[in-house]
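If you read the sequence from its start, that first residue is 1, and numbering goes on from there. Both counts, for ligands and for their atoms, begin at 1 and track the order of listing.
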Amino acid sequence: MTKACKLAAGNWKMNGLRADLDEARALASGLGQTSCGVLLCPPATLISAMAEAVAGSRVMVGGQDCAAQVSGAHTGDISAQMLADSGARHVILGHSERRADHGESSALVAEKALAAHQAGLVAIICLGETESERDGGQTLAVVLEQLAGSLPQGATSANTVVAYEPVWAIGTGRTPTLAQIAEVHDSLRANLPDAAISLLYGGSVKPGNAADIFAIANVDGALVGGASLKASDFGAIVAALDAA
Ligand code: PEP
């Protein structure tokens with residue numbers, strides 16, 4: 001069986017101006033001989049400039065969302081092909097902030113992922129339970145339903161990454177126990193259409209907890225929000241993944 005690739009992905013969310021590209025440059029120049037994939041997903045306004053800033057390094061650049069449509073009358077939306085044309089290699093889809101703030105369903109996420117694949121992008125598909133769903137013992141049912149609904153036909157380890165991000169752990173400083181992360185990742189792995197698809201954990205990953213999380217068997221990396229904004233923090237997370 002092919003082993004899943006390790007990936008440290010940073011989600012800058014709606015943060016970052018051109019001056020902040022210095023953090024991307026610092027990350028790129030500080031990376032050692034890492035064997036894992038390193039990805040930064042800045043706001044769409046910075047994709048092109050960031051791709052130029054880190055050109056020649058191991059840092060890849062991605063988007064945070066794309067339209068399901070290829071082109072046309074969709075004011076304000078950005079197609080997958082446009083992201084690729086700007087220098088993106090990946091796109092985050094179905095982040096809980098988009099599912100909550102923009103009412104995105106798993107069916108829409110699957111349509112967007114298909115558009116991403118057709119444009120040659122790797123889709124990073126996010127899943128995760130709310131706190132009340134966890135308290136109600138529904139975690140596995142919720143994430144497996146999201147997995148089944150959000151992965152498009154043709155999803156393979158070459159074009160898809162899955163990120164488990166408990167909604168209550170995002171930006172809160174709280175994380176599940178290592179056993180809780182392991183339980184969800186084991187279950188996701190068993191239900192993937194291609195067992196070599198990389199499985200990332202996301203939710204308050206920091207330099208201080210990264211090594212413990214990366215030691216979990218079916219965790220292949222992390223999707224990191226706040227701690228990806230500073231090269232020193234994200235670089236330490238990349239180093240922990242490399243050492244795992
Ligand atoms: C995220 O936004 O995907 C995330 C995991 O954020 P944070 O690391 O800040 O919790």
Side-chain angles (χ1 to χ4, degrees), residues 6-16 20 23-24 27 36-44 46-47 50 60-66 88 90-102 104 106 109 112-113 116 121-131 133-134 139 142-143 146-147 150 160-178 180-181 184-185 188 198-214 216 218-241 244:
K6 292 185 190 178
L7 177 65
N11 174 11
W12 278 19
K13 310 195 185 192
M14 200 172 73
N15 298 294
D20 299 301
E23 293 297 328
L27 177 73
C36 38
V38 181
L39 172 71
L40 284 177
C41 299
L46 286 182
I47 290 174
M50 186 181 281
M60 301 177 286
V61 180
Q64 299 175 12
D65 179 48
C66 71
H90 296 65
V91 60
I92 298 169
L93 295 172
H95 190 283
S96 65
E97 287 152 16
R98 293 208 61 87
R99 289 182 190 257
D101 299 352
H102 300 270
E104 292 194 1
S106 291
V109 174
K112 290 183 172 196
L121 296 177
V122 175
I124 301 178
I125 298 178
C126 303
L127 330 155
E129 81 286 1
T130 62
E131 186 157 29
E133 287 166 343
R134 176 160 283 280
T139 298
V142 167
V143 298
Q146 289 177 341
L147 181 74
S150 305
T160 302
V161 170
V162 171
Y164 167 55
E165 298 205 303
V167 178
W168 53 273
I170 293 178
T172 60
R174 299 166 57 204
T175 53
T177 65
L178 300 179
Q180 287 171 328
I181 297 173
V184 175
H185 278 242
L188 287 171
S198 298
L199 284 177
L200 311 185
Y201 167 76
S204 297
V205 176
K206 310 266 183 258
N209 61 15
D212 286 344
I213 292 171
F214 296 148
I216 300 171
N218 277 314
V219 173
D220 305 310
L223 180 53
V224 183
S228 70
L229 292 167
K230 289 278 163 240
S232 52
D233 286 344
F234 196 49
I237 292 169
V238 172
L241 182 59

Run the contact test for [X] against ligand 1 with a 4.0 Å cut-off on heavy atoms, strictly below, and give the result.
| X | answer |
| --- | --- |
| Ala227 | no |
| Ser228 | no |
| His95 | yes |

Query raised in the report: Are any side-chain N or O atoms of Ser106 and backbone N or O atoms of Ser150, one a donor and one an acceptor, separated by less than 3.5 Å?
Result: no
Just distances here: any N/O of [X] and N/O of ligand 1 closer than 3.5 Å?
| X | value |
| --- | --- |
| Thr172 | no |
| Leu223 | no |
| Glu165 | yes |
| Gly225 | yes |

[Y] side chain reached by [X] side chain, heavy atoms, under 4.5 Å:
| X | Y | answer |
| --- | --- | --- |
| Gln180 | His185 | no |
| Ile181 | Ile216 | yes |
| Val224 | Asn11 | no |

Query raised in the report: Which protein heavy atom lies closest to atom 9 (O) of ligand 1, and at what distance to 0.1 Å?
Result: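 Result for atom 9 (O) of ligand 1: Gly226 N, 2.9 Å.
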Query raised in the report: Are Arg98 and Asp65 close enough for a salt bridge, meaning some N to O gap below 4.0 Å?
Result: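 Answer for the salt bridge query: yes.
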Query - Electrostatic pair Glu165-Arg99, nearest N-O below 4.0 angstrom - result: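 The answer is no: the pair does not qualify as a salt bridge.
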Go through ligand 1 atom by atom and flag the ones less than 4.0 Å from a non-hydrogen atom of [X].
| X | answer |
| --- | --- |
| Ile170 | 1 (C), 2 (O), 4 (C), 6 (O), 10 (O) |
| Ser204 | 7 (P), 8 (O), 10 (O) |
| Ala169 | 10 (O) |

Query - Proximity of Asn11 to ligand 1 by residue part, where a heavy atom lies under 4.0 Å - result: side chain
Query raised in the report: Taking heavy atoms and a distance under 4.0 Å, where does Ala163 meet ligand 1: side chain, backbone, both or neither?
Result: neither
Query - Any side-chain donor near an acceptor of the partner, Glu129 and Tyr164, under 3.5 Å - result: yes
Requested in this report: Identify the heavy atoms of Lys6 and Leu241 that sit nearest to each other, and give their distance.
Outcome: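 Smallest interatomic distance, heavy atoms only, reads NZ-O, 2.9 Å.
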Query raised in the report: If you round to the nearest 0.5 Å, how far is CD of Glu104 from NZ of Lys112?
Result: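 These two atoms lie 3.5 Å from each other.
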